[in-house]
Amino acid sequence: MTERNNNILLKIRGLRIEAYADENWVEIVHGVNLTLRRGEVMGLIGESGAGKSTIGLAAMGFARDGCRISGGTVEFDGMELTTTPQSDLRILRGARIAYVAQSAAASFNPAHRIIDQHTEAPVQYRIQKRMAAQEDAMTLYEKLRLPNPKEIGFRYPHQVSGGQLQRAMTAMAMACRPDLIIFDEPTTALDVTTQIEVLAAIRDIVNEYNTAAIYITHDLAVVAQMADRIKVLLKGEEVETAATEQMLASPQKDYTKSLWAVRSFERPQKERPVNSETPVISVQNVDASYTSGAKVLDDVSFDVFAGMTVAVVGESGSGKSTTARCITGLLPPSRGQVLFRGQPLPPRYQDRSKDQLRQTQMIYQMADTALNPKVRISEIIGRPAQFYGGLKGAALKNRVDELLDLIELDPARFYNRFPPELSGGQKQRVGIARALAAEPSFIICDEVTSALDQLVAEGILKLLDRLQNEFNLAYMFITHDLATVKAIADEVVVMRNGKVVEQGAKHEMFQPPHHPYTDLLLSSVPEMDPNWLTTVLEERGVDNLGEAATASSAQQ
Amino acid sequence: MSTFVIGYYAALIAASCLAAYFKKREAFLLLFSLTLASFVLGLIGGRPALNTITVAAAVIALAAGTAYAWREFLAILLPRELAKAIRTAPLTASFGLFVIFTYAVMGIFAPVIAPFGEAEVIAGAFDPPSEALLLGADQLGRDMFSRIVYGARNTVGLALAATLLAFFVGAIAGLFAAVKQGWFDQIMGRGADVIMSIPSLIFALLMLSIFGTNLMVIVVVVAIIYSPRVFRLSRAVAGNVVVMDYIEAASLRGEGTGYLIRKEILPNSMAPLIAEFGLEFCFVFLLMAGLSFLGLGIQPPTADWGSMVRENALLITFGEITPLIPAAAIALLTVAVNFVVDWMLFRSSGLKD
Amino acid sequence: MNDVFKLVLKRLGLGVLTLLVISVLIFFAVELLPGDIAQAVLGQSATPENLAALREQLGLNVPAPVRYFHWLTGAIQGDFGTSLITGDRVGSTIGPRLLNTLFLASYAAVIAVPAAILLGIFVALLRNTIFDRVANVLTLTAISSPEFFLGYILILYLAVKTGWFPAIASIGRNADFSTMLYNSFLPALTMVLVVMAHMMRMTRAAIINLLASPYIEMARLKGVPAWRVIVHHALPNAWAPIINVVALNLAYLITGVVLVEVVFVYPGVGQLLVDAVAKRDFPIVQACCLIFAATFILLNLAADVGAILTNPRLRHPK
């Protein structure tokens, strides 16, 4: 073997993959090439449907049920995987290529201890004896900074938290010291403060053992921290590939440039009206809890003024969505009240008048579940106008056309369509039109952009901004994404465990000093700078990550 | 060894080889395992067993042919959307549709099709089949064929009525329970649990022993027994829809329960509910057939398949298949409905992901 | 362990409660009779004296709740009163027949359960092949056929035409075990066919559902051999669904047994129940219904408890 051959670990040429849909095989990956050297980390990035995961699995010679590799070659260390018999592939997968899945909670077998699942492959392939494999597992747990490394493996998956489980899965992938690990969106399901520690752990261990990796994600900032080279994919085709620094500094293709550009949208910040005008919505000392449960909201207060956007940020479980439910009346607060233009709203939505209901509208995160798939767009948008405004016939049709124009969808094309025929961004626009149709003065936007690809998300944000100026709307923007906050907010409310930690105007919130939790939250959001992770880790110190930091800040 | 036996094996082996040669892996596996099974059956049952297999194969081939032709026919006749769905239907489903169609015609036009009245005594008891008596006569000398035709009307009609009633009650209660929740949901749910924890046939027997066996009682009792099943299913289906954001949006708009059920929930629960209707019909139909077989269903002289089996059961001991015909009529319809339901369930589950 | 114990206890309590509700239902359903039992037994032409005498004899003059209480306490001890027609003790009429029915049901279960589970797993592993499709059609046909259809086909081919087995399943009082097995083979086979089809389909669905879980894909991607994926990764999580399938189908056997007993003139409880319904012999109907319902509830209870006990998440609480 020559030196050159030895250096290249994985070589994919002209890979084509088909998926079975509607009794037909449809090609979803159209001839992708990929070359990976030993010890190199390649980032695969793209929107949903770009074929990232499918390519990642194909690198292991694996196709999910309902998919098949229909062309091209996958050469791993001189071995052609597309023609290798299953039994050899299996040995390869166990010992030399490993996989880390998106959802660790679902990917660990609930019936076995974590460490038994860890040692399964090494024992199976006689790389280590059982006891040795367990010792090794504990070492890996320690390196990945899991608490109680000696003991945690003897728990069952459901007894361990999500972030820890994700690290345990990385440890499991490392069990046989593979040459290649496929990371399939390993941190997507995690909160930002948890994400950072998992990212750090993954990066350290990959560096330490000089393992090659394919890191699949849709998050640019994350991939910038992890990868040596980045490959951008779009609809099953490669857009471009370059070294990380070069890719960030000077992307070549328009599509890549547009991805980078998204981060630059930021609208000017507005100030509160000086003459003490009454706020549109005023949340006052609200406590709330679900039936017989602990308090999920504790003394929450904030105001939203006309024409302004208040962003409510926090991690999952912080009570952002519950606050929205209290305002809309879905969950009556156990204490405190919500005022609309100074008048208290009845706590239950069933007790509110038609006009009160009309004034507060919602736009949802998942446009798929927010629009009834069996109802035409014209009726989805038309119903509020008909219901509140009593419009009929031609007047109703004109109003719907007007609304479709407002959200930049062509009435002639969309009037009679059903939601499943629309793209994600178009659906979200219809959701916005439905809210507008009621002619509200206050709109709650619940993570409206987080399910969308970045470019589309930016379009939605710009649209919302334009509508706000046009109709003097007040927005409450629930989000966990600080980039969105930077782009659109005027004021920020930081929530944690049902309490408001801090609130104020945006420019103040992005300038230190803050409450330690706000600090932690802000500094945990990945930035596009490839050295961001290193810098943060240096600032905080390795032992002051995630859980440790959370614990210490909680004490303060 | 007769020529038939030799020909039988030769045909099977030749077909297997052809399938193997043309790389039809599945067909080959099927044909060759049939060959192997035939060896065993031939050894045990001798020539008659092979004969039976041949007849069965011919019947299946005929059914497949009918199903294929019927599918093409429907694809041409139906509007575009439906035709597209029909084209992808498996042969079993198309066969099921064909059988259901035939039964419907038979039931609706029974008086036109049947040569004699259902209670008309026109021959001697158990007269053998002839030109006039297609399937022979029953124990009282009535025409078996005419009674089968009328049975399609009586037996299926009654089962349909009971299913509709069960469905109506169960589905409405289920949808309301899903939207309203709270105490209504709780009470209905517990009630359904209690009824479902008694075996259906036993419950029916208990009720019939008390209220006697008139048609109204049968329909109502059967509907009560099966409505909890419908309730649970529609509650579950609607429960999955109710958590959707568009329902929340509609309730926050101030829409009433009626609008929510009619416009938002029902259109999204139709597919599983229709499939459930088919399944439900099978259960009801089999239960009612069982009751009539036990002499507790539709009372004579009205023609009814279940009781016809019982009345003619004696013939079995003489090796006659006459009593099997009404039983087969029951089985065939149930199979047909199940085939269609199976396809619909497959479609709706396939569309989900 | 404490949580599991609590859950099981709760489930047991619920089972007992359901049984009580059903006993109330069974007892008071008879009270819904137009008139009363005495009227129903003697018919329209009965003289008032006869009616009064019968009412006295049946204890109908005592208020219904009191009679219910007596009936229930009796039933728990195996005493269900006397038959209206023959005047025999209901308990002693049902006793030997119950044994026969249990014999037939367990005969069918012993064959059907292992066969169905193995075949179900087998078909699940072969899913989307021609065998799977053939099995699908065959099982659908079997569950669509009424028990009496299958029963008579078996009689025609295996009893009348070939003479291999007796068409009428009489099991004598002192027949030895192998004769009993031989004589009751056809009814058992009929039930096996129906129940097996149900069970195979449900096992197949449960296994396929399981094989779609991410942890099974993970095991495959870890290079675990196929047999080990099934035995080590799928099976420990499959117990709950499989136990559920078995219990449900054993419960189904109970309903099926009534029709099968009538087809094969088998001296069991089902036959007795049908006769009693025709003759309106209410104490026997009530007793049979209570027994069937109790068995049904017990089996469902066993399934739920089994599912709780084999759930790894519950076995190892946080």
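Numbered from 1 within each chain, the chains take letters A, B, ... in sequence-line order.
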Go through the atoms of A:E379 and report whether side chain, backbone, both or neither lie under 4.5 Å from a heavy atom of chain B. side chain
Please identify, among B:I247, B:V243, B:V241, B:L252, the residue contributing the most non-hydrogen atom pairs under 4.5 Å to chain A. B:L252
May I ask you to decide if B:R253's main-chain N or O and A:Y388's side chain share a donor-acceptor pair within less than 3.5 Å? yes
The interface call for A:R352 against chain B, heavy-atom contacts under 4.5 Å, is neither
Closest heavy-atom pair, B:D245 versus A:Y364, reported as atoms and distance to 0.1 Å, is CG-CD2, 3.4 Å
Residue A:R325 versus chain B: region with a heavy atom under 4.5 Å: side chain
Looking at chain B, which one of A:Q365, A:K374, A:Q361 has the largest number of heavy-atom pairs inside 4.5 Å, strictly under? A:K374
More than 12 heavy atoms of other residues, nucleotides or ligands under 6.0 Å from CZ of B:F32: yes or no? no
Are A:R383 and B:E255 side-chain neighbours, meaning at least one heavy-atom pair lies under 4.5 Å? yes
Residue B:F184 excluded, over 12 heavy atoms near CZ under 6.0 Å: yes
Closest heavy-atom pair, B:N268 versus A:P373, reported as atoms and distance to 0.1 Å, is OD1-CG, 3.2 Å
Is there a donor-acceptor pair closer than 3.5 Å between any side-chain N or O of A:N372 and the backbone N or O of B:E264? yes
